[in-house]
Number of protein chains: 2
Amino acid sequence: MVTLKDLAKEVGVSVATVSRVLNNSGYASPEMRKRVMQAAERMNYKPNEVARALNTSRSNIIGVLVPDISNPYFPKVIRGIEDEAIKNNYRILIGNTDHDFDKESKYLEIFNQNNCAGIISATWTVTRQDNLTTRPVVLLDRVVKEHISIEADNLKGGKLQAHHLIQQGVHHVLLIKGLEDYSSFENRTLGSREVLGENQVPYEILSHTALNGTLESGDIAFLEKFDGIICPNDLVAYRVLNVLINHGVSVPDQVKVIGYDNLDFSQYVYPSLTTIEQPIYQLGRNAFKMLMKMNQGIEVESEVLDVKLIKRNST
Amino acid sequence: MVTLKDLAKEVGVSVATVSRVLNNSGYASPEMRKRVMQAAERMNYKPNEVARALNTSRSNIIGVLVPDISNPYFPKVIRGIEDEAIKNNYRILIGNTDHDFDKESKYLEIFNQNNCAGIISATWTVTRQDNLTTRPVVLLDRVVKEHISIEADNLKGGKLQAHHLIQQGVHHVLLIKGLEDYSSFENRTLGSREVLGENQVPYEILSHTALNGTLESGDIAFLEKFDGIICPNDLVAYRVLNVLINHGVSVPDQVKVIGYDNLDFSQYVYPSLTTIEQPIYQLGRNAFKMLMKMNQGIEVESEVLDVKLIKRNST
DNA sequence: TTGTATGCGTTATCAG
DNA sequence: CTGATAACGCATACAA
């Protein structure tokens, strides 16, 4: 590996001068600048980021926390973050937390140990961790007050779900709740309930975990009590559709199902899934941009991106 | 951040001693060991990985190259790598190459600049890059001779695809080829052709790119010439199924479709997709294990994992 | 068995 | 405008 010292020797100057030229910091005569730049080019010099990170106590790596990268929602977010990061000469270190406080804690420690420049987290407990650094944190799709976050409009999304079902003429709704304690899921539920209530449409709430039991036991009798089912995300909707169809329940005639996220696959399931689209990729990109601003000391505010209904054949 | 020096001061010994105890290198009296360990615990000392990486010219980060993390095949691979990595106190840095030689080249440079301990690459051109380091590389699902790699048995997979279709009584097959120059796709095609030939089943080959044209134009007449379609992966199969179904072609009665990968969604598409399952997660885990062995100077051989047919309703 | 000193590759603070 | 030089936090060869 060619180092600053090699370069300096080649040009016949001190490392200090070379460093200044390369970083555009401090003075350097135009002529000097030219000589150094050319030599750097010629020798294909690339600064060692480890040394730089040690010296400045700040690497160009940002930590990214997700519950599980296998969940198809996250790769898109990550791709958004990574695209924006690489453009700014940053890299991302990924951690899967599985909603586990201790795992999360460990990753935060790791981010510290690597002098990470910041953190983007899709797992909110991060805000309860006491070894959280002074480095900037952006919460993604998780809102916690006093913290900077970015999300798609979950309240609106939840409303849209209910609105659409009502428009399609449902009279008895099953509202499946997502993960507890996650603002995004709670707000969706809130939005749906609000609209359902306003329209005096009776509904029942089922927790995510209870759903698993229902689905596994294939308790169709229970599901058939409803003519509309609101799912917390597309993944859950796939499973609901699957059980319904396999038991000969006709969708959307007998029961209408609506998802949330608009994953790429939702157009291929049967019947194709009506859902709420959120700008997943954009969420990632913007999160990174916010982080950069925070690093520059610029004041940033939490962002809320828009969502919209995608009508397909399940409703 | 508490450093070695802080710890040393606390215990009242030199940093060297502390370092030796913590790394289990060199001598240290049992008593000294105890005192240091306790202090480390008490002060919650965590070594700075940046400093360590600079000192040893080797970080505990490994670079992972994938074409695009949004492609649902890769998150599982990555999860496998990451799970195994974290267990061994390693972290992963991810790069999306989009099959672009220059992007790939840039990431390799970045891995160097970060003293990465090794590279796992799902993009084969990595072997043509001249700035490839001396650090170990494991190719994942891409085989290039003279390089260490791990893959699922693509030749067998291709054979299984053809075998199954033939068993289901097809007489005229459309064989869709995957990406050019990728050993995995080429071997699948090879396997299928071999079996098709042996059984004297006529077939036509369509390139991945040509398929796009067919699908977009909705050239059903062309597709209807066949009663069996072999797809290079599940993603392509979804699109084929979609066009077929939307045009009223009955699957599997009129034409049978088989995919490859067994992504999680393949059970939810309509009709549910018959496909070849490969141990994606395991591929990632083993790739990391191989890398570790290589780092320890242990001789490792390329691995080939087994695949199997998953019969569903599309055939 | 422990301590001293050096270097890893940079950046930044000083003099000159 | 440029050059020594001291950090950054750790590991290690060598001295004691």
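The chains referred to below are lettered A, B, ... by the order of the sequence lines, with proteins before strands, and numbering in each begins at 1. Side-chain atoms are counted along with the backbone in the values below, which use heavy atoms only and exclude waters and symmetry mates.
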*Return the value, rounded to whole Å, for the distance between atom CZ of A:R58 and atom P of C:dT10.*
18 Å
*In whole angstroms, how far is the P atom of D:dA13 from the OH atom of B:Y27?*
13 Å
*Would you say A:D261's side chain and A:L263's backbone share a donor-acceptor pair under 3.5 angstrom?*
no
*Starting from P on D:dA13, measure out to CZ on B:R20 and report it in whole angstrom.*
11 Å
*Any idea which of C:dT2, C:dG3, C:dC14 is nearest the B:V13 side chain?*
C:dG3
*Heavy atoms only: give me the nearest A:E82-B:Y107 pair and the separation to one decimal.*
OE2-OH, 2.7 Å
Dump the pairs, protein N or O against N or O of nucleotides 9-11 of chain D, anything under 3.5 Å, distances to one decimal.
unit_1: D:dG9; atom_1: N2; unit_2: B:A51; atom_2: O; d: 3.3
unit_1: D:dC10; atom_1: OP1; unit_2: B:Y45; atom_2: OH; d: 2.6
unit_1: D:dC10; atom_1: OP1; unit_2: B:N48; atom_2: N; d: 3.0
unit_1: D:dC10; atom_1: OP2; unit_2: B:L4; atom_2: N; d: 2.4
unit_1: D:dC10; atom_1: O2; unit_2: B:N55; atom_2: ND2; d: 2.4
unit_1: D:dA11; atom_1: OP1; unit_2: B:N23; atom_2: OD1; d: 3.4
unit_1: D:dA11; atom_1: OP1; unit_2: B:N23; atom_2: ND2; d: 3.4
unit_1: D:dA11; atom_1: OP1; unit_2: B:R52; atom_2: NE; d: 2.6
unit_1: D:dA11; atom_1: OP1; unit_2: B:R52; atom_2: NH2; d: 2.9
unit_1: D:dA11; atom_1: OP2; unit_2: B:S19; atom_2: OG; d: 3.1
unit_1: D:dA11; atom_1: OP2; unit_2: B:N23; atom_2: ND2; d: 3.1
unit_1: D:dA11; atom_1: O4'; unit_2: B:N55; atom_2: OD1; d: 3.1
unit_1: D:dA11; atom_1: O4'; unit_2: B:N55; atom_2: ND2; d: 3.2

*Are a donor atom and an acceptor atom from the side chains of B:R58 and B:N60 found within less than 3.5 Å of each other?*
no
*Whole-Å distance between C:dT10 P and A:N115 CG?*
16 Å
*In whole angstrom, give the distance that lies between atom CZ of A:R33 and atom P of D:dC1.*
10 Å
*Indicate whether any N or O donor in one side chain lies under 3.5 Å from an N or O acceptor in the other, for B:N115 and B:R52.*
no
*Side-chain (B:N114) to main-chain (B:C116) donor-acceptor, under 3.5 angstrom*: no
*In whole angstrom, give the distance that lies between atom NZ of A:K9 and atom P of C:dG9.*
12 Å
*Across the strands shown, which category fits A:A53 at heavy-atom distances under 4.0 angstrom: base, sugar-phosphate, nothing?*
nothing
*Just to confirm, is there a sub-4.0 Å distance from OP1 or OP2 of D:dT2 to any side-chain nitrogen or oxygen of A:T17?*
no
*Indicate, with yes or no, if the rings of B:H208 and B:Y182 have centres closer together than 6.0 Å.*
no
